[in-house]
Each structure stands twice: as structure tokens, then as C-alpha cells.
K.L.:
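Here it is, the structure, as C-alpha cells.
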Amino acid sequence: ITIRELAQRLGLSIATVSKALKDSYEISDATKKKIVSLANELNYSPNPYASSLRKQQSKTIAVVLPEVADSFFSLAINGIQEVALAKGYHVLFYLSHESFELEKKAINHCNNGRVDGILISVSSETRETAHISSLRNKNIPVVFFDRELEGYKAPKVVTNDYECGELAAKHLLDKGCNFPIFLSTSDALAICQNRFSGFANEITRIQNERTASPFVINGSNDRNIYDQIASILEKFPAIDGIVASVEKLAIQTLLVCADQNISIP
């Protein structure tokens, strides 16, 4: 039943019924009681979408993620939803699966007023900013988290990735590693570049030996990632330490080492 039907049955204006349901001081208690009673009897509930259109707000935010298998993103989803629900918002989740094209489709889907704002962690393939700029042109706010588009000015919630890489390298060197390497999922993502920069500079500082570049793993599935890591370890048997930039690389590294009888202290 709609608010219009309620008003017709009661012989009142739509505005009066609406104000009564919102407990407005403008409506007498007797009228409120009559309206609320009939609303309850007919199981009336307000249409949130109609209300959103009137207010030009959807009360919905979108979250664009590269994946959900990673424990970090699982925790992020829980945190985002908890805060959104407490503020009376709905959440739409989109997965890019590390694909720039899927990320663009998700953003385009949000471009028609469907959401009031977007939280995004960009895919490993993302190089361009036009799809993000299109949101700004429509006054849809964007916040980057974990993975950002470096150089693009927008609010962001990120870690100090350079320091992360530096600390990881220092830990391995302190444990006696002579040939530590860095495994990355992308040669373009700022998060990977910055972590590698910290890693490489710490290696250079301690060993006085420059680390040329990260080992980039282009894995569409676990088997593919496993095979690439196995190939690296076979080609460079002197490797005695690994920094995996993301969880899925770490898991496959553990499996490769187990199969090759490589001890992990």
C-alpha cells in the first residue's frame, strides 16, 4: 500500500499523512493515532527508493575491490559494512578480479546516481584515471583505500608502503639472508612500487648491492602463480628470502617451498 492510498482511505492529504508518520508536531495526537493505526493494520512501510529520489540521495555507497580471497579485503568488507549500516547506508560490492575493464564497468554502473559515493581499491591493471574523473564530474565522491592511483588527487586511506618494504627487507637481512627477492603482482601499482622501493633501498644500504627489479607474477589462478614462483626458485637456487607483496603470492610460495623441500624457518 502507498501513502497516497492511506491518505485516500482516511480522507486526508498526503502531506498530513506523511507528517503524521514522521511524528511531526504540526499534526494532532488524535490524527496521528488514527493514521498510525491504519498504517499498521495495512502493513504500510515507506518506499526508501522514492524517498531517495526526492532527496537526490540513494543512501548507498559502492565498494570496488580487486578480490575477496585476501584476508585484508575480507576484514575491510566487514568494517565498511558495519560503519555503513550504523549510518543508515546500504553497500554495493563490485569485484574487478584485477581487471581494468571490469573496474571501468563497475564505475560506469555507479555513474547514474545509483550511489552517493565510492570506496575503491584499484586493480593491478589500472593505469588510466578517466573513469574515476567521470565520477568527479558528477559530484560523486571517491575515496581510495589500500591501493590508490598515485598522482590522482583524492582522499585515501593507505599504509606507508615504502616503510613496509624497508622493514620487510631489514627483517630478512637481520635473519642472515644474502639473496632476498621481492614478488609483486604488478609493475604499475603504486602500492607495489613503493613497497619494492623501500625493499630495494634497504638492500642497497645494508649490502651495498643494488636490487634491479621485482619479480612480477602475472597469475590469473593459483596454478599459474605456483608455476611462476617454482620457475624463479629453480632458476635462482641462491634465493634465501622472499617478500611477497600480497597474500596470494605468499600462500603459493609456501606450497612451492614445501614441494621442493625448501626449509622455511
Side-chain angles (χ1 to χ4, degrees), residues 45-53 55-165 184-186 188-195 222 244-251:
S45 61
N47 183 339
Y49 300 106
S51 176
S52 295
L53 285 171
K55 297 174 184 174
Q56 293 189 314
Q57 269 191 319
S58 68
K59 296 297 282 184
T60 301
I61 58 171
V63 181
V64 184
L65 302 163
E67 59 180 332
V68 290
D70 189 296
S71 63
F72 168 79
F73 289 120
S74 299
L75 289 169
I77 287 169
N78 287 335
I80 290 164
Q81 190 152 40
E82 184 180 330
V83 173
L85 290 174
K87 299 289 184 181
Y89 277 77
H90 305 284
V91 186
L92 280 176
F93 290 100
Y94 295 88
L95 285 179
S96 69
H97 296 290
E98 300 287 14
S99 162
F100 175 57
E101 288 304 317
L102 287 178
E103 182 179 292
K104 277 201 303 184
K105 284 181 181 177
I107 296 298
N108 290 339
H109 199 245
C110 297
N111 235 333
N112 58 1
R114 184 182 295 267
V115 300
D116 296 333
I118 294 179
L119 289 166
I120 181 168
S121 191
V122 298
S123 80
S124 57
E125 294 181 356
T126 302
R127 310 283 190 277
E128 302 169 18
T129 61
H131 61 311
I132 305 293
S133 297
S134 68
L135 296 168
R136 180 176 286 177
N137 296 338
K138 294 195 176 181
N139 294 318
I140 300 173
V142 179
V143 175
F144 291 106
F145 73 100
D146 190 47
R147 300 181 182 184
E148 60 169 316
L149 276 172
E150 202 158 64
Y152 188 90
K153 290 186 177 179
K156 58 189 178 183
V157 181
V158 294
T159 54
N160 185 333
D161 294 306
Y162 180 91
E163 186 182 13
C164 289
S184 177
T185 54
S186 169
L189 268 178
I191 188 171
C192 293
Q193 290 178 335
N194 293 335
R195 285 176 182 176
D222 288 346
S245 61
V246 295
E247 189 175 282
K248 64 183 177 183
L249 298 185
I251 291 168

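Atoms considered below: every heavy atom in the structure, side chains included; atoms not considered: hydrogens, waters and symmetry mates. In this chain, residues are counted from 1 in sequence order.
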K.L.:
Do you know which two heavy atoms are closest between Cys192 and Ser184, and how far apart they sit?
P.N.:
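Smallest interatomic distance, heavy atoms only, reads CB-OG, 3.3 Å.
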K.L.:
Closest heavy-atom contact between Ala62 and Cys110?
P.N.:
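So the minimum-distance heavy-atom pair works out to CB-SG, 3.6 Å.
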K.L.:
Using the salt bridge (Lys or Arg N to Asp or Glu O under 4.0 Å) criterion, which residues pair with Lys105? Sequence neighbours excluded.
P.N.:
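Residues passing salt bridge (Lys or Arg N to Asp or Glu O under 4.0 Å) with Lys105: none at all.
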K.L.:
Apply side-chain hydrogen bond (donor to acceptor under 3.5 Å, both in side chains) to Ser123 and list each qualifying residue two or more places apart in sequence or on a separate chain.
P.N.:
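Partners of Ser123 under the side-chain hydrogen bond (donor to acceptor under 3.5 Å, both in side chains) test: Thr126.
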K.L.:
Partners of Ser74 by side-chain hydrogen bond (donor to acceptor under 3.5 Å, both in side chains), sequence neighbours excluded?
P.N.:
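Result, side-chain hydrogen bond (donor to acceptor under 3.5 Å, both in side chains) vs Ser74: none returned.
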K.L.:
Please give me the minimum heavy-atom distance between Arg114 and Thr60, naming the atom from each residue.
P.N.:
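Nearest heavy atoms, Arg114 then Thr60: O-CB, 4.0 Å.
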K.L.:
With sequence neighbours excluded, give me every salt bridge (Lys or Arg N to Asp or Glu O under 4.0 Å) pair touching residues 124-143.
P.N.:
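Only Arg127-Asp187 qualify under salt bridge (Lys or Arg N to Asp or Glu O under 4.0 Å).
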K.L.:
Side-chain contact test, heavy atoms from C-beta onward, threshold under 4.5 Å: evaluate it for Phe144 versus Val158 and give yes or no.
P.N.:
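No, too far: nothing below the 4.5 Å cut-off.
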K.L.:
Kindly say whether Phe72 contributes a backbone atom to a donor-acceptor pair with the side chain of Glu247 at under 3.5 angstrom?
P.N.:
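Between the backbone of Phe72 and the side chain of Glu247 there is no qualifying donor-acceptor contact (under 3.5 Å).
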K.L.:
As an exercise, state the distance from CG of Leu189 to CZ of Arg195, rounded to the nearest 0.5 Å.
P.N.:
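Going from CG on Leu189 over to CZ on Arg195, the span is 10.0 Å.
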K.L.:
Measure across Lys59 and Asp116 and return the closest heavy-atom pair with its distance rounded to 0.1 Å.
P.N.:
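Looking at all heavy atoms of both residues, the shortest contact is N-OD2, 2.7 Å.
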K.L.:
I'd like to know whether Ile118 forms a side-chain contact (heavy atoms from CB on, under 4.5 Å) with Val143, so could you lay out the CA-CA distance, the side-chain angles of the two residues, the decisive distance to 0.1 Å, and finally the verdict.
P.N.:
CA-CA 6 Å; Ile118 294 179; Val143 175; over 6 Å; no
K.L.:
How would you list, by chain and number, every residue that makes a side chain to side chain contact (heavy atoms under 4.5 Å, CB included) with Glu101, sequence neighbours excluded?
P.N.:
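Partners of Glu101 under the side chain to side chain contact (heavy atoms under 4.5 Å, CB included) test: Ser99, Lys104.
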K.L.:
Please report, to 0.1 Å, the donor-acceptor pairs under 3.5 Å made by any side chain of residues 91-98, with sequence neighbours excluded.
P.N.:
unit_1: Tyr94; atom_1: OH; unit_2: His109; atom_2: ND1; d: 2.7
unit_1: Ser96; atom_1: OG; unit_2: Leu65; atom_2: O; d: 3.4
unit_1: Ser96; atom_1: OG; unit_2: Glu98; atom_2: N; d: 3.3
unit_1: Glu98; atom_1: OE1; unit_2: Ser124; atom_2: N; d: 2.7
unit_1: Glu98; atom_1: OE1; unit_2: Ser124; atom_2: OG; d: 3.1
unit_1: Glu98; atom_1: OE1; unit_2: Arg147; atom_2: NH1; d: 2.9
unit_1: Glu98; atom_1: OE2; unit_2: Arg147; atom_2: NH1; d: 3.3
unit_1: Glu98; atom_1: OE2; unit_2: Arg147; atom_2: NH2; d: 2.9

K.L.:
What pairs with Asn111 under side-chain hydrogen bond (donor to acceptor under 3.5 Å, both in side chains), at least two apart in sequence or on another chain?
P.N.:
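With neighbours one apart ignored, the set is Ser134.
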K.L.:
What pair of heavy atoms forms the shortest contact from Pro155 to Val142, and how long is it?
P.N.:
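Looks like CD-O, 3.5 Å.
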K.L.:
Would you call Thr185 and Lys248 a side-chain contact if the rule is heavy atoms closer than 4.5 Å?
P.N.:
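A side-chain contact exists here, since the closest heavy-atom pair is under 4.5 Å.
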K.L.:
Measure the CG-OG distance between Asn137 and Ser133 for me, rounded to the nearest 0.5 Å.
P.N.:
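So the CG of Asn137 and the OG of Ser133 are separated by 6.5 Å.
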K.L.:
Which residues pass the side-chain hydrogen bond (donor to acceptor under 3.5 Å, both in side chains) test with Gln81, sequence neighbours left out?
P.N.:
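Result, side-chain hydrogen bond (donor to acceptor under 3.5 Å, both in side chains) vs Gln81: none returned.
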K.L.:
Quick one: does any side-chain atom of Thr129 pair with a main-chain N or O of Ile132 as donor and acceptor, under 3.5 Å?
P.N.:
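No, because the side chain of Thr129 does not come within donor-acceptor range (under 3.5 Å) of the backbone of Ile132.
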K.L.:
Quick one: are Phe145 and Val63 in side-chain contact, heavy atoms under 4.5 Å?
P.N.:
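With C-beta onward as the side chain, the pair touches.
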K.L.:
Quick one, Leu119 and Ile80 - any side-chain contact, counting heavy atoms below 4.5 Å?
P.N.:
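They are in contact (side-chain heavy atoms under 4.5 Å apart), so the answer is yes.
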K.L.:
Are side-chain heavy atoms of Ile191 and Asp146 found at a separation under 4.5 Å?
P.N.:
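Ile191 vs Asp146: side chains touch.
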K.L.:
Does Glu67 have any salt bridge (Lys or Arg N to Asp or Glu O under 4.0 Å) partners at least two apart in sequence or in another chain, and if so, which?
P.N.:
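Checked Glu67 against salt bridge (Lys or Arg N to Asp or Glu O under 4.0 Å); zero matches.
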K.L.:
Are the side chains of Phe100 and Val122 in touch, meaning some heavy atoms are under 4.5 Å apart?
P.N.:
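They are not in contact (no side-chain heavy atoms under 4.5 Å apart), so the answer is no.
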K.L.:
With sequence neighbours excluded, what pairs up with Asn194 under the side chain to side chain contact (heavy atoms under 4.5 Å, CB included) test?
P.N.:
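Checked Asn194 against side chain to side chain contact (heavy atoms under 4.5 Å, CB included); matches are Glu150, Asp161, Ala190.
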